[in-house]
Colleague: 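Starting off with a structure, shown below.
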Amino acid sequence: MSGLVNALVIVAVAALVIVRQFSARQIGTDRRWWLLPAILAVVALREPDVLDAHHHTGSALLLGVELLVALATGAGWAWTTRLWIETDGSVWSKSTKASGGVWIVGIALRVGLIALGALIGVHPNTSAALMLGLAATLLVRAGVMTWRAQSFTGTAGSVPAYGSSMAQPARKERA
């Protein structure tokens, strides 16, 4: 794929995922949560020049840092997402303002890495690196969310949802 097509795929997938996550959605713990990240990773790794041909070490380091930022973004996004259990026992999620902040910081760090690469003369295939980073972000987020959702529906009983640990008012007894 060309760089423009990769950029459009990255923007489309990121926009779709972000918009969907800021609305309440049911989490299915048995779904193939790893499928979209795996497809993105395969597409990214099929691209030529994932690493700069003239600066293998520098581009590998930048790609490694990109992946670390992606993993941290995915974990931060998953842990700042609110989970709750509905009355039918299904687990639901909705990203919070903190999740949006995690995305903004992650994007800013990635832009900084691209700028750093340009500054030191390392020119890897940026769109492939970004797609690989997006795949890592989505994979970690989906994995952590699935793990969190399974802890709500585990065999040891239900884990209380956000806010349900608040004390209930005592009933008044009649004399």
Side-chain angles (χ1 to χ4, degrees), residues 1 5-47 50 60 62-114 124-164:
M1 280 190 213
V5 173
N6 280 351
L8 291 174
V9 168
I10 292 166
V11 169
V13 169
L16 175 70
V17 168
I18 292 170
V19 167
R20 288 178 64 193
Q21 297 310 315
F22 281 96
S23 60
R25 300 193 48 84
Q26 184 175 359
I27 296 178
T29 57
D30 58 345
R31 295 188 338 209
R32 293 185 180 107
W33 51 267
W34 50 267
L35 189 58
L36 177 61
I39 291 170
L40 288 173
V42 167
V43 170
L45 291 174
R46 290 188 60 204
E47 288 296 313
V50 173
L62 282 175
L63 182 61
V65 173
E66 160 74 23
L67 291 175
L68 288 175
V69 168
L71 295 173
T73 301
W77 182 19
W79 285 105
T80 57
T81 298
R82 180 177 175 258
L83 293 181
W84 69 93
I85 300 175
E86 285 293 325
T87 55
D88 64 357
S90 61
V91 181
W92 287 69
S93 71
K94 183 176 180 181
S95 291
T96 62
K97 291 178 184 178
S99 304
V102 168
W103 265 98
I104 290 169
V105 168
I107 290 170
L109 288 172
R110 288 177 178 148
V111 169
L113 287 172
I114 292 169
N125 185 338
T126 305
S127 61
L130 287 174
M131 193 177 297
L132 195 57
L134 180 60
T137 298
L138 295 177
L139 182 66
V140 169
R141 185 216 180 255
V144 170
M145 292 297 291
T146 301
W147 176 72
R148 287 181 65 202
Q150 287 173 344
S151 72
F152 274 54
T153 59
T155 57
S158 295
V159 174
Y162 175 79
S164 63

Colleague: I'd like to know if the side chain of Ser93 and the backbone of Arg82 have a donor-acceptor N/O pair within less than 3.5 Å.
Modeller: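 The answer is no, because no donor-acceptor pair under 3.5 Å joins these two groups.
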Colleague: What distance do Arg141 atom CZ and Thr146 atom OG1 have between them, rounded to the nearest 0.5 Å?
Modeller: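 Here the rounded value is 8.5 Å.
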Colleague: Tell me which one of Ile107, Leu109, Val102 satisfies side-chain contact (heavy atoms from CB on, under 4.5 Å) with Val105.
Modeller: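 The single option meeting the side-chain contact (heavy atoms from CB on, under 4.5 Å) with Val105 is Leu109.
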Colleague: With rounding to the nearest 0.5 Å, note down the distance linking CD1 in Ile39 to CE in Met131.
Modeller: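 One finds 11.5 Å between CD1 of Ile39 and CE of Met131.
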Colleague: List the atom pairs, with distances to 0.1 Å, where a side-chain N or O of residues 71-79 and a protein N or O form a donor-acceptor pair under 3.5 Å, not counting sequence neighbours.
Modeller:
residue, atom, partner, partner atom, Å
Thr73, OG1, Val69, O, 2.8
Trp77, NE1, Ser95, OG, 3.0

Colleague: Passes side chain to side chain contact (heavy atoms under 4.5 Å, CB included), Leu40 versus Leu132? Steps please.
Modeller: CA-CA 7 Å; Leu40 288 173; Leu132 195 57; over 6 Å; no
Colleague: Between Ala41 and Ala135, what is the shortest heavy-atom contact and its length?
Modeller: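 Closest heavy-atom pair between Ala41 and Ala135: N-CB, 3.8 Å.
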Colleague: Do Arg110 and Thr137 pair up side chain to side chain, a donor and an acceptor below 3.5 Å, judged on atom types alone?
Modeller: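 Side chains of Arg110 and Thr137: pair found under 3.5 Å.
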Colleague: Looking only at atom types and distance, does a side-chain atom of Arg148 sit under 3.5 Å from a main-chain N or O of Thr81, one as donor and one as acceptor?
Modeller: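 Answer holds: yes.
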Colleague: Looking at every heavy atom in both Phe22 and Lys94, which two are closest together, and how far apart are they?
Modeller: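 Nearest pair, atom of Phe22 first, then Lys94: O-CE, 3.3 Å.
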Colleague: CG of Leu138 to CE of Met145: how many Å apart, nearest 0.5 Å?
Modeller: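 Interatomic distance, Leu138 CG to Met145 CE, rounded to 0.5 Å: 12.5 Å.
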Colleague: Once you round to the nearest 0.5 Å, how far does CG of Leu63 lie from CG of Leu130?
Modeller: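 With rounding to 0.5 Å, CG (Leu63) is 10.0 Å from CG (Leu130).
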Colleague: Please check if the side chain of Ser23 supplies one atom and the backbone of Arg20 the other of a donor-acceptor pair under 3.5 Å.
Modeller: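 At least one qualifying donor-acceptor pair exists.
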Colleague: Looking only at heavy atoms, what is the nearest atom pair of Glu66 and Gly133, with distance?
Modeller: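 That closest heavy-atom pairing would be OE2-CA, 3.5 Å.
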Colleague: Where do Val91 and Leu83 come nearest, in terms of heavy atoms and distance?
Modeller: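 Here Val91 and Leu83 meet closest at CG1-CD2, 4.4 Å.
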